[in-house]
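Protein chains get the first letters and strands the later ones, always in sequence-line order, with residue 1 at the start of each.
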Amino acid sequence: MRLRHVLLGGYFALATLGLIWPGYAWVGNRIAPFVLGLPMSFAYNLGWVVLTFAVLVAYDLSDKP
Amino acid sequence: MSDSVIILAVAAGYLVVSLVVGMWPGRKQTSSAEGFVAGDRSLGLLVMYFITGATIFSSFAFLGAPGFAYSKGASVFYILAYGVLGFAPFYFLGPRAARVGRHYGFVTQAEMVATRFSLPSLAWVMAWLSVVAFVPYLALQIQGAGIVVHLVTRGAVPTWVGGAVVYAVVLIYVLRSGVLGVGWTNTFQGIFMMVLAWGLGLYLPTKLYGGVQPMFEQIQALKPEHLLAPGKGWSWGQYSAAVVVSAVGFSMWPHLFMKAFTARDERTLRRTVVLYPTFQLFLVPLFLIGFAGVLFAIPPDEPNHILPHLLMSLELPPLVVGLFCAGALAASMSSGDAMVHAAASIAVRDGWVRGGGHELSQERERTLIRWVVIIVMVLSYASALLAEHYRVSLVILLLSAYGPIVQFAPAVYAALYLRRVTGASLLSGMVAGSSVTLLLQLRQDLQPIALHPGLYGLIVNVIVVAVVAKWWPAPASDAGDAFLAIARKPSDDR
């Protein structure tokens with residue numbers, strides 16, 4: 001299996017744990033600090049959206065035929 | 001001119017533009033069923049981006065999401081979470097489905113699965129589960145459109161009239177242009193509702209609290225629990241299960257999966273998945289609108305009315321209210337059109353042709369799909385009226401319908417990736433999983449731990465597939481191997 005596949009699979013495993021219990025509960029589920037005017041519990045989820053976009057772009061651009 | 005007339009004039013102007021945009025592409029497509037259902041496999045990145053994004057964001061976006069944030073607080077973030085995880089598998093599933101779709105002429109996921117396992121009854125079961133799932137979902141869209149028109153005209157237009165007029169427009173352009181009409185209206189509607197959502201999402205917190213952060217600081221001071229997950233009425237188990245089940249089921253919704261067969265090439269499909277998270281940012285202003293209502297002095301009749309309630313309470317100019325009305329209708333229509341189109345295509349293609357073993361010419365199949373579009377629309381409209389009359393919660397029906405859709409996942413993954421699974425095992429798993437989901441949906445008290453009925457159904461589904469496949473292993477099949485070889489082989493358009 002190519003390294004980029006393993007890295008992508010690892011990223012999504014991490015994202016899954018980060019977005020549900022226990023990852024979200026332990027790391028992102030707090031009100032302060034505010035990020036861009038949003039409470040941490042909101043900004044944390046939004047951060048995963050932005051990060052996932054970046055990861056998918058990188059994965060797609062590294063796909064050589 | 002009264003405010004209601006101005007509001008209705010803006011909404012009517014929007015409906016006319018939608019109709020023109022939706023009918024125009026019908027001039028270009030072929031008269032075949034493939035043209036009507038899969039747009040002759042010609043959709044480029046712009047249309048694919050909006051057709052997937054706008055299809056996903058339905059009436060729920062303008063009514064349900066703000067209502068959920070308003071009443072349940074941080075529970076609403078589960079929508080962002082499952083969106084992050086849910087569409088990514090389509091980066092791999094989509095191109096594989098597109099390859100076999102081009103080779104075998106598939107336009108639905110059920111015919112793909114049934115052909116892979118040489119089991120027409122699989123298509124029949126998937127077709128009817130899909131249709132049963134779509135009717136309440138579509139009824140919800142019709143009801144949403146009716147509610148919006150009713151509220152912004154301060155009751156001057158009844159819900160049943162508003163829903164009927166809006167969905168008559170949808171019916172016309174879907175009948176005329178098929179998936180191409182859906183695609184181009186979704187592009188127009190997607191841009192329109194994004195602009196509206198961001199405008200209102202930033203305006204309302206500023207008007208009511210002086211800005212986004214001041215709004216959250218005031219909520220933090222008075223109702224801090226509203227900003228913390230898992231939110232009001234949910235445990236962490238229910239929050240996590242909702243994320244997992246929704247993420248697994250996300251790509252399985254037939255009206256979304258079928259878009260794999262409409263894309264021009266594999267690169268377009270992949271880029272659509274890569275760009276999808278940018279469409280998710282559209283949820284941010286909708287959540288902000290819901291949070292803006294948390295400390296508002298006068299509560300709405302019900303949480304889902306929070307956005308129109310705020311707009312009407314603030315005495316905004318009728319032009320702004322009319323634009324909101326148009327944006328909310330765009331959200332409803334951009335999902336409703338794809339659903340009615342998919343439900344009719346699946347009922348005919350999978351239920352009648354593949355599942356029932358009937359032979360039809362391309363032209364006759366297209367004509368039959370158009371008739372079924374009308375039947376599905378009428379059934380859904382009747383469901384919306386009945387639900388309103390008897391005050392049945394369509395959200396409950398929708399949740400019940402979501403369970404069977406999630407049960408498609410093992411069959412779809414197996415069709416595109418696995419050699420040693422049989423159609424009989426997948427059919428058994430699907431039926432068992434759907435039954436368990438439905439039972440636990442109706443009798444929530446039977447759940448050993450409060451999670452999501454669909455998750456229990458999915459676990460039973462996978463166990464049944466594994467056990468049946470172990471006892472009755474799949475014989476070697478050249479056709480199955482050939483299918484998987486086509487699915488694996490990248491095409492030249494990468």
* Show your reasoning for whether side chain to side chain contact (heavy atoms under 4.5 Å, CB included) applies to A:L46 and B:L281. => CA-CA 8 Å; A:L46 208 53; B:L281 298 178; 3.9 Å; yes

* To do: Please assess B:F77 against A:Y44 for the test side chain to side chain contact (heavy atoms under 4.5 Å, CB included), listing each intermediate value before the final yes or no.
  => CA-CA 10 Å; B:F77 300 147; A:Y44 176 82; over 6 Å; no

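Residues forming a ring-ring contact (aromatic ring centres under 6.0 Å, His included) with B:F287 (at least two apart in sequence, or on another chain): A:F42.
The parts of A:F53 that come within reach of chain B are both its backbone and its side chain, each placing non-hydrogen atoms under 4.5 angstrom from that chain. Interface remark: A:L8 contributes side-chain atoms only to the contact with chain B (heavy atom separation under 4.5 Å). For B:P224, the parts sitting under 4.5 Å from any heavy atom of chain A are the backbone and the side chain alike.
Residue-level contacts of residues 83-95 of chain B with chain A, in order of numbering, are B:V84, B:L85, B:A88, B:Y91, B:F92; threshold 4.5 Å between heavy atoms.
Using modelled atom types, one side-chain atom of B:S240 and one backbone atom of A:W21 make a donor-acceptor pair closer than 3.5 Å. Looking only at distances, a side-chain donor or acceptor of A:N29 sits under 3.5 Å from a matching main-chain atom of B:A229.
Ranked by non-hydrogen atom pairs under 4.5 Å with chain A, the options B:A81, B:A241, B:A74 are led by B:A81.
Each of B:R270, B:R271, B:R267 was evaluated against A:D60; a single residue qualifies, B:R271, per the side chain to side chain donor-acceptor pair (under 3.5 Å) test.
The minimum heavy-atom distance between B:L228 and A:R30, with the atom names listed, is CD2-CA, 3.7 Å.
A perpendicular orientation is assigned to the rings of B:W236 and A:Y24, their planes being inclined by more than 60° (bins at 30° and 60°).
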